[in-house]
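Structure record follows, encoded as C-alpha cells.
Order of appearance sets the numbers: ligands from 1, and atoms from 1 within every ligand.
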Amino acid sequence: MKKLIAGNWKMNGSLASAMELARAVEASVASEPGLLSRCDFLVCPPFVHVGGVKPVLTHVSLGAQDCSVFTNGAYTGDVSADMLADMGCTHVILGHSERRQHFGETDGAIRQKAEKVWQAGMTALICVGETEAQREEGQEAHIVAEQMKHAIPDGATSRNVVVAYEPVWAIGTGKTATPDDIRTMHAFIKDQLSARFGDQPIRILYGGSVKPSNAGDIFNIPHVHGALIGGASLKSSDFIGIAKEVKELD
Ligand code: PEP
C-alpha cells in the first residue's frame, strides 16, 4: 500500500501564500517520480483557498478540513460536502481534535458529516485520539474505540475512509508519541476496523508533530499507512522531506 502524506494547513496563510505552497508541493512531487511510486499526496487548505489552489494541483489531491452536517439550504456560514466535491476535493478531514475542542464537535456530528462526504463521492479522513489526561489514566484504547464506534458510519471501506490517530497531546506541541505507543495503538485500530468492516486495507495515518527527522521511524511501524501533518505541511521542503522518509511499500 502507498503511504498517504496529508497536509492540514489549518487556518493559515493568504491566497497568495496558499498558491505558492501548493505550487511548490506540486512541483516537488512532479519532479520526483520515485515519490509518487511510494506515496499519495493530499493537501487540505482553508475553505476559501480550495478553489484557488485546485488548478495548480495535478499529482496532489485536494481536501477540506471540515464540512456541514447538512446537505444544503439555510445554514449560514456552513459549507456542504457537495460544494467541496464540486470544487475538486476528494477528501474531507473530520473530527480533528481542534474541532472537537473549540467547536464542540461530537462523534455523532462527525458520523453525519462522514455520511455527507460519502454521498458526495469523497473520502472521510476521520481523526481520533486521546488527551494527555486520558492517556495518564490508561484510557487511550477505550477512548479511541468509542470515537471510532460512534464517528465512523457503517459501510466504511478502504476507499471511503481513512483513519488518523492523533494523540491530542502530540498535536502542534513538538511531542511525538513513542514508537511503542504508536505501534500499540495502530495495531489496536487495525483490529477494531477488521472486526467491524472485515479485512480491507483501510489506511491508518499517524498525526502529531511529524517532521522529517522523526518520520522515518514512524513510517517503519506496522500499520502506519502515512501521516497527517499540520505545522510541517506549511513548508514544502518539510512536507516533501517527510515523504522522502518513505523508503518502501508495505
Ligand atoms: C494536525 O493538525 O493534524 C497535526 C498533526 O498537527 P502537527 O503536525 O502540527 O502536530
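A side-chain donor from one of E146 and H150 sits under 3.5 Å from a side-chain acceptor of the other. No side-chain N or O of E140 forms a donor-acceptor pair with one of Y165 less than 3.5 Å apart. Residues T176 and N214 have side chains that bring a donor and an acceptor to within less than 3.5 angstrom of each other. Side-chain polar atoms of K116 and T71 form a donor-acceptor pair below 3.5 angstrom.
More than 12 non-hydrogen atoms from other residues, nucleotides or ligands lie less than 6.0 angstrom from CD of Q134.
Within the 4.0 Å heavy-atom cutoff, G208 counts among the residues contacting ligand 1.
The heavy atom nearest to atom 2 (O) of ligand 1, out of those in E98, K10, K175, K211, is found in K10.
Atom 1 (C) of ligand 1 has its closest protein heavy atom at H96 NE2, 3.2 Å. In terms of protein heavy-atom proximity, atom 8 (O) of ligand 1 is closest to G230 N, 2.8 Å. In this structure, the protein non-hydrogen atom closest to atom 3 (O) of ligand 1 is E166 OE2, 2.7 Å.
By the criterion of a heavy-atom distance under 4.0 Å, the side chain of N8, and not its backbone, is placed next to ligand 1.
Below 4.0 Å from some heavy atom of G231 lie the following atoms of ligand 1, by number and element: 7 (P), 8 (O), 9 (O). Applying the 4.0 Å criterion to heavy atoms of G172 picks out, from ligand 1, the atoms 7 (P), 9 (O), 10 (O). Near A170, with a cut-off below 4.0 Å to any heavy atom, the atoms of ligand 1 are 10 (O). Taking every non-hydrogen atom of L228 and a distance limit under 4.0 Å, the qualifying atoms of ligand 1 come out as 3 (O), 5 (C).
The side-chain heavy atoms of P46 and Q65, taken from C-beta on, include a pair separated by under 4.5 Å.
K175 places no side-chain N or O within 3.5 Å of a backbone atom of G172 that could act as its donor or acceptor partner.
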